[in-house]
Protein chains: 2
Amino acid sequence: MTTTSAIKVMTVDDHPLVRVGIATVVNQQPDMKIVAEAESGPRALELYRQHQPDVVLMDLRLRGDSGARITSALCAEFSGAHVLVISNYDGDEDIHQALAAGALGYLFKSVVEDELVDAIREINAGRRYLPKGVADRLHESESGARLTRREDEILDLLGKGLRNRELGQVLGVTEDTVKTHLKSLFRKLQVSDRAEAVREAMRRGFIHSE
Amino acid sequence: MTTTSAIKVMTVDDHPLVRVGIATVVNQQPDMKIVAEAESGPRALELYRQHQPDVVLMDLRLRGDSGARITSALCAEFSGAHVLVISNYDGDEDIHQALAAGALGYLFKSVVEDELVDAIREINAGRRYLPKGVADRLHESESGARLTRREDEILDLLGKGLRNRELGQVLGVTEDTVKTHLKSLFRKLQVSDRAEAVREAMRRGFIHSE
DNA sequence: CCACAACTCACCCGTTCGGGGGATGGACTT
DNA sequence: AAGTCCATCCCCCGAACGGGTGAGTTGTGG
């Protein structure tokens with residue numbers, strides 16, 4: 001048996017234990033093999049150049065960095081990169097960002113081993129792979145609530161306890177303008193006040209606490 | 001070589017990949033061995049009775065259940081249980097709850113393999129194991145901000161966008177009483193409004209979005 | 001070129017908040 | 001019995017909030 005057809009897989013995750021878990025599962029498959037493990041964004045780029053893996057398993061949230069950004073960089077440099085994002089979180093925004101960045105698939109870390117290797121094979125073949133239900137939600141979020149740049153900025157600052165006036169000062173606009181943005185923000189998130197907006201934004205992945 | 005002295009380890013985690021990672025690392029050690037893997041709280045109890053492991057590696061946040069609760073239940077039934085909590089999150093409250101529930105140690109999932117096995121040996125010996133810096137923070141949080149039952153309940157509801165009056169109705173008290181609790185809540189969390197309180201509460205692990 | 005979305009600002013208005021004070025009763029400690 | 005903590009309630013008041021409506025300016029894209 002030759003190994004020439006084995007799918008070369010690279011993991012990008014800052015959790016050693018998760019990397020070990022993935023590596024163990026992948027290496028148990030006869031048709032795939034871990035060729036590199038990156039624990040950070042820059043390292044991912046470096047190792048990709050070095051090993052030219054067929055599939056990249058990308059964690060979405062790494063210490064400081066964002067898996068979406070890394071995916072963008074990767075796809076910019078290597079247009080043929082096949083990225084499968086694996087994340088703990090099912091915030092709509094995370095998923096959206098990942099796919100927008102060029103990822104071919106999305107998986108939750110709660111996946112069982114079989115799903116993982118199935119997904120890897122699909123991604124390797126250049127096909128998309130999304131958990132059931134996720135595709136539907138994407139359409140919703142695309143048609144429904146996509147925030148503008150301003151609304152995003154305001155959302156970030158909302159959780160910091162800034163008052164409307166302070167928000168205006170930070171952004172360099174009037175308090176009235178801030179209120180206008182807040183109104184459309186509340187409408188889009190379907191909430192009625194800032195506290196609820198903060199929680200909802202976290203749930204959807206617009207902002208993070210850590 | 002006999003295996004009679006091998007440390008029997010059980011994992012409790014709802015992420016198969018993490019279980020595999022931990023199992024791989026542990027089983028590579030000559031002096032320890034995975035004897036059971038639980039993916040839920042009830043299953044953890046069941047498997048503990050069956051295998052009587054020396055050390056339990058407990059994830060703090062499982063689907064629906066809480067690692068702290070499981071730890072409590074475990075320690076209640078088996079006073080000699082040696083639990084090592086492994087969590088993604090470094091919210092003070094999570095750590096506090098885990099230790100209060102009877103856990104001997106706390107680790108972040110970002111640990112490298114060596115730290116994990118070191119910790120397992122310490123816990124097996126009945127000693128505590130805490131990452132550097134965590135012990136300090138525990139003292140802070142004990143002296144500083146510990147919330148009362150009412151404040152906790154209110155915090156939970158704050159993120160749902162309830163107004164003070166509605167909070168009162170839900171809790172069966174006056175709006176004025178709610179405001180009193182909110183004042184002391186803001187003081188303890190060192191915030192100035194509900195939106196900031198929600199984010200801070202999430203950061204510290206008092207409430208969760210998922 | 002025109003439509004459309006985003007961003008900007010303004011005004012009004014009723015409601016809610018946040019922060020300050022003080023007070024009572026129960027429970028638990030010392 | 002005194003002290004402390006918690007929960008409950010009350011009052012006051014200025015500031016902040018949310019919601020509604022209208023309207024001007026960009027810039028992008030059909």
Side-chain angles (χ1 to χ4, degrees), chain A residues 93 96-97 100 139-201 204 206-207, chain B residues 93 96-97 100 139-202 206-207:
Chain A
E93 190 55 17
H96 191 272
Q97 278 181 10
H139 291 139
E140 288 176 26
S141 67
E142 270 171 21
S143 60
R146 190 128 95 280
L147 306 186
T148 69
R149 196 173 354 98
R150 265 315 196 216
E151 289 160 356
D152 239 344
E153 294 173 324
I154 289 183
L155 204 41
D156 276 334
L157 299 170
L158 256 198
K160 301 206 197 311
L162 296 188
R163 285 181 280 293
N164 290 344
R165 184 174 308 174
E166 297 171 321
L167 282 170
Q169 289 167 353
V170 172
L171 299 178
V173 297
T174 315
E175 181 181 349
D176 282 308
T177 302
V178 171
K179 292 174 73 174
T180 301
H181 289 308
L182 277 177
K183 286 171 205 167
S184 62
L185 188 54
F186 290 164
R187 212 179 339 102
K188 288 183 181 177
L189 293 180
Q190 302 187 66
V191 300
S192 56
D193 68 51
R194 37 225 298 136
E196 201 181 356
V198 167
R199 171 176 268 201
E200 185 63 15
R204 299 204 195 179
F206 286 115
I207 57 178
Chain B
E93 189 56 16
H96 191 272
Q97 279 183 9
H139 290 137
E140 286 174 27
S141 67
E142 273 172 15
S143 61
R146 193 130 92 278
L147 305 185
T148 69
R149 195 173 356 98
R150 263 317 195 216
E151 289 160 355
D152 239 344
E153 295 172 324
I154 289 183
L155 204 40
D156 277 334
L157 299 170
L158 255 199
K160 302 206 197 310
L162 296 187
R163 286 182 278 292
N164 290 344
R165 184 173 310 174
E166 297 171 322
L167 282 171
Q169 288 168 352
V170 172
L171 298 177
V173 298
T174 315
E175 180 181 350
D176 285 305
T177 302
V178 172
K179 292 176 71 174
T180 302
H181 289 309
L182 276 177
K183 288 173 206 169
S184 61
L185 189 53
F186 290 165
R187 213 179 338 102
K188 288 184 181 177
L189 294 180
Q190 301 187 67
V191 298
S192 56
D193 67 51
R194 35 222 303 135
E196 199 182 357
V198 168
R199 172 178 268 202
E200 183 64 15
M202 284 187 171
F206 285 116
I207 58 179

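Reckoned from all heavy atoms, side chains included, excluding hydrogens, waters and symmetry mates. We name chains A, B, ... by the order of the sequence lines, and we start the count at 1 in each one.
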Provide, to the nearest angstrom, the distance between the CG atom belonging to B:Asp152 and the P atom belonging to D:dC6. 12 Å

Grab the CZ-C1' distance between A:Phe186 and D:dA16 for me, whole Å please. 12 Å

Counting the atoms with a prime plus P, OP1 and OP2 as sugar-phosphate, which does B:Thr174 contact under 4.0 Å by heavy atoms, base, sugar-phosphate, or nothing? sugar-phosphate

Rounded to whole Å, the CG-P distance (B:Asp193 to D:dG14) equals 21 Å

C:dT8, OP1 or OP2 - any side-chain N/O from A:Arg150 closer than 4.0 Å? yes

For the pair B:Glu196 (side chain) and B:Ser192 (backbone), establish whether a donor and an acceptor sit closer than 3.5 Å, ignoring hydrogens and angles. yes

Without decimals, in angstroms, what is the distance between B:Lys179 NZ and C:dT16 P? 11 Å

NZ of B:Lys183 versus P of D:dA7: gap in Å, rounded? 15 Å

Do the side-chain N or O atoms of A:Arg149 get closer than 4.0 angstrom to the phosphate oxygens (OP1, OP2) of C:dA6? no

B:Glu175 has an atom CD; how far is it from atom C1' of D:dT8, in whole Å? 14 Å

Measure from the side-chain N and O atoms of B:Arg199 to the backbone N and O of A:Gly161, and report whether any donor-acceptor pair falls under 3.5 Å. no

Could you check whether B:Thr180 gets within reach of a base, just the sugar-phosphate, or nothing at all, counting any heavy atom under 4.0 Å? base

Select base, sugar-phosphate, or nothing to describe what B:Asp176 touches, counting heavy atoms under 4.0 Å on all strands. base

Please give, in whole Å, the distance from C:dC17 P to B:Arg165 CZ? 9 Å

Taking 4.0 angstrom as the limit, do A:Glu153 and A:Arg150 come out as a salt bridge? yes

Side-chain N or O of A:Arg194 versus OP1/OP2 of D:dA16: is the shortest distance under 4.0 Å? no

Presence of B:Asn164 side-chain N/O under 4.0 Å of C:dT16 phosphate oxygens OP1/OP2: no

Measuring to OP1 and OP2 of D:dA15, would you say a side-chain N or O of A:Arg163 lies under 4.0 angstrom away? no

Spacing of CG belonging to B:Asp152 relative to NE2 belonging to B:His181, to within rounding of 0.5 Å: 12.0 Å

Under 4.0 angstrom between B:Thr148 side-chain N/O and D:dA7 OP1 or OP2: yes

Sub-4.5 Å side-chain heavy-atom contact between B:Glu151 and B:Leu189: no

Send over the distance from B:His181 NE2 to D:dC6 P, rounded to a whole Å. 11 Å

